[in-house]
Undergrad: 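First the structure, then my questions, so here it is.
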There are 2 protein chains.
Amino acid sequence: MSADIQESTEELRGLSVDFFVSFVQVFGLPKSIGQIYGLLFVSPDPLPMDEIVNQLGISKGSASQGLSLLKSLGAVSSIAIHADRREHFEADLNVSRIVTHFFENRLEPRLEHGDRRLEEMVALARLAKRSDRTQGAASVLTRIQALQKWQKRGRNLIPMVVRWLKR
Amino acid sequence: MSADIQESTEELRGLSVDFFVSFVQVFGLPKSIGQIYGLLFVSPDPLPMDEIVNQLGISKGSASQGLSLLKSLGAVSSIAIHADRREHFEADLNVSRIVTHFFENRLEPRLEHGDRRLEEMVALARLAKRSDRTQGAASVLTRIQALQKWQKRGRNLIPMVVRWLKR
DNA sequence: CCGTTTGTTCATTTCAATTTGAACAAAAGC
DNA sequence: GCTTTTGTTCAAATTGAAATGAACAAACGG
């Protein structure tokens with residue numbers, strides 16, 4: 001490989017790593033996940049873990065953990081390479097998978113939890129309103145109920161987004 | 001105020017704080033922001049900063065910074081109270097504001113940046129493909145172009161979401 | 001079997017983001 | 001003008017999440 005090709009390959013790698021680091025951080029995932037995926041994304045051939053460790057300068061531990069998360073997201077898959085017993089990894093172009101995972105695992109549980117919290121809040125605010133017949137208590141109840149509407153609206157949005165991305 | 005009312009008021013406050021801490025964390029905002037908003041949300045009357053500091057047990061610094069962020073989001077507004085020179089704060093039920101702010105300030109700049117990165121990546125991959133006529137170089141270019149499509153799709157989604165929430 | 005390669009786990013370290021609190025500024029009342 | 005109250009700023013401390021790397025396990029080859 002000539003010197004300038006190697007150079008631009010490295011530059012491409014850097015851009016890809018950067019791109020995906022920024023991407024995964026939107027979803028609150030660690031930087032190393034973005035680095036690994038970014039490297040695999042522009043690699044023409046599947047890479048073994050020690051290549052990933054070397055090229056990114058990260059630890060074996062990070063690479064191992066990162067790869068297993070990425071596999072669980074369906075964002076990378078492992079490939080058998082003839083006459084090499086090491087596991088090789090390849091990026092899947094599964095943008096919707098990682099996003100869907102974010103919605104279903106990060107967002108959905110919180111929304112679920114939030115629903116229950118809001119129920120309890122309504123109950124307490126009703127109680128307060130009954131004993132303490134002030135304008136204040138009533139308006140707090142009203143607000144909480146308005147918030148419940150927003151919560152529902154948000155939840156309805158998620159399946160729409162997922163569908164749009166899968167379409 | 002009777003003992004049981006005061007008690008359930010405190011419980012309500014705790015639930016609200018919890019709810020909003022969890023909410024803001026989805027958007028990568030600090031916990032204190034959620035605490036402050038949660039407290040104001042269930043307060044019948046506007047509160048001065050020192051009340052917020054006392055009730056939440058946070059520092060003056062956090063409260064000051066948090067309130068100014070919340071004001072900038074349009075999530076709280078300040079209210080003048082007769083014969084009290086302290087600034088009083090009230091929660092606005094502006095769920096869409098905070099979400100819109102997230103999209104426009106956190107997401108949009110990243111997407112913008114991502115667009116530029118992808119352009120550079122395409123350029124480099126084209127170069128690589130021209131000099132190095134292997135299957136690998138060509139397939140890397142194809143992937144990057146596929147990613148560009150996803151990026152566009154994501155960007156188109158945002159105005160839709162914002163509209164849905166504002167509607 | 002035994003040594004070597006490959007990969008995982010988890011206690012410790014590192015690092016970044018948030019919170020604190022003390023110093024400072026601004027405004028108000030006396 | 002001086003004191004007190006109110007609010008901001010920012011360097012330092014705290015905290016929590018992620019990365020490290022050493023110890024361990026598993027799989028393979030000879």
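Protein chains get the first letters and strands the later ones, always in sequence-line order, with residue 1 at the start of each.
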Undergrad: Could you check whether B:Glu119 pairs with B:Arg116 (Lys NZ or Arg NE/NH1/NH2 to Asp/Glu carboxylate O, under 4.0 Å)?
TA: no

Undergrad: To the nearest Å, how far apart are B:Glu51 CD and D:dG7 C1'?
TA: 16 Å

Undergrad: Mind grabbing the angle between the end helix axes of the helix from C:dC1-D:dG30 to C:dC30-D:dG1? Five pairs an end, 10° rounding.
TA: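 One end axis against the other gives 0°.
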
Undergrad: How many whole angstroms separate atom CZ of A:Arg86 from atom C1' of D:dG29?
TA: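 My rounded result for the distance is 16 Å.
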
Undergrad: Report yes if a donor N or O on one partner sits less than 3.5 Å from an acceptor N or O on the other, where the partners are the side chain of A:Arg85 and the base of C:dT5; otherwise report no.
TA: yes

Undergrad: For the side chain of B:Arg86 and the backbone of B:Pro48, is there at least one donor-acceptor N/O pair under 3.5 Å apart?
TA: no

Undergrad: Relative to each other, are the rings of B:Tyr37 and B:Phe20 parallel, tilted or perpendicular (30° and 60° limits)?
TA: perpendicular

Undergrad: Using atom CG of A:Leu69 as one end and atom P of D:dA19 as the other, report the distance to the nearest whole Å.
TA: 11 Å

Undergrad: Please say yes or no: joined through hydrophobic side-chain contacts below 4.5 Å, possibly via intermediate residues, are B:Met160 and B:Trp164 part of one cluster?
TA: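 Yes, B:Met160 connects to B:Trp164 through the hydrophobic network.
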
Undergrad: How close do B:Val17 and B:Leu39 get, counting heavy atoms only, and between which atoms?
TA: CG2-N, 3.9 Å

Undergrad: Can you name the residues that form a ring pair (Phe, Tyr, Trp, His ring centres under 6.0 Å) with B:Phe23, not counting sequence neighbours?
TA: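 With sequence neighbours excluded, B:Phe23 shows a ring pair (Phe, Tyr, Trp, His ring centres under 6.0 Å) to B:Phe27, given in chain and number order.
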
Undergrad: To the nearest angstrom, how far is B:Gln25 atom CD from C:dT18 atom C1'?
TA: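 Roughly 11 Å, once rounded to whole Å.
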
Undergrad: Send over the distance from A:Leu56 CG to D:dT20 C1', rounded to a whole Å.
TA: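 Distance, rounded to whole Å: 15 Å.
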
Undergrad: Can you check the B:Leu29 CG to D:dG16 P distance for me, whole Å?
TA: 18 Å

Undergrad: Rounded to whole Å, please give me the gap between CD1 in B:Ile52 and C1' in D:dT6.
TA: 13 Å

Undergrad: Assuming nearest nucleotide by heavy-atom distance, tell me which of B:Pro48 and A:Ser62 is located more 5' along DNA chain D.
TA: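 By nearest-heavy-atom nucleotide position, the 5'-most residue is B:Pro48.
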
Undergrad: N/O contacts under 3.5 Å, protein versus nucleotides 9-11 of chain D?
TA:
residue, atom, partner, partner atom, Å
D:dC10, N4, B:Gln65, OE1, 2.8

Undergrad: What's the shortest heavy-atom distance between A:Ser22 and B:Arg110, and which atoms?
TA: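 Where A:Ser22 meets B:Arg110 most closely, the heavy atoms are O-NH1, 2.9 Å.
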
Undergrad: Taking all non-hydrogen atoms of both residues into account, name the closest pair between A:Val53 and A:Lys60 and its distance.
TA: CG2-CA, 3.9 Å

Undergrad: Could you state the CG-C1' distance from B:Leu67 to D:dG7, rounded to the nearest angstrom?
TA: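 Computing the B:Leu67:CG to D:dG7:C1' distance gives 11 Å.
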
Undergrad: Tell me whether B:Val76 is reachable from B:Ile79 by hopping between hydrophobic residues (I, L, V, M, F, W, Y) whose side-chain heavy atoms are closer than 4.5 Å.
TA: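 As far as the 4.5 Å side-chain criterion goes, B:Val76 and B:Ile79 are not connected within one cluster.
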
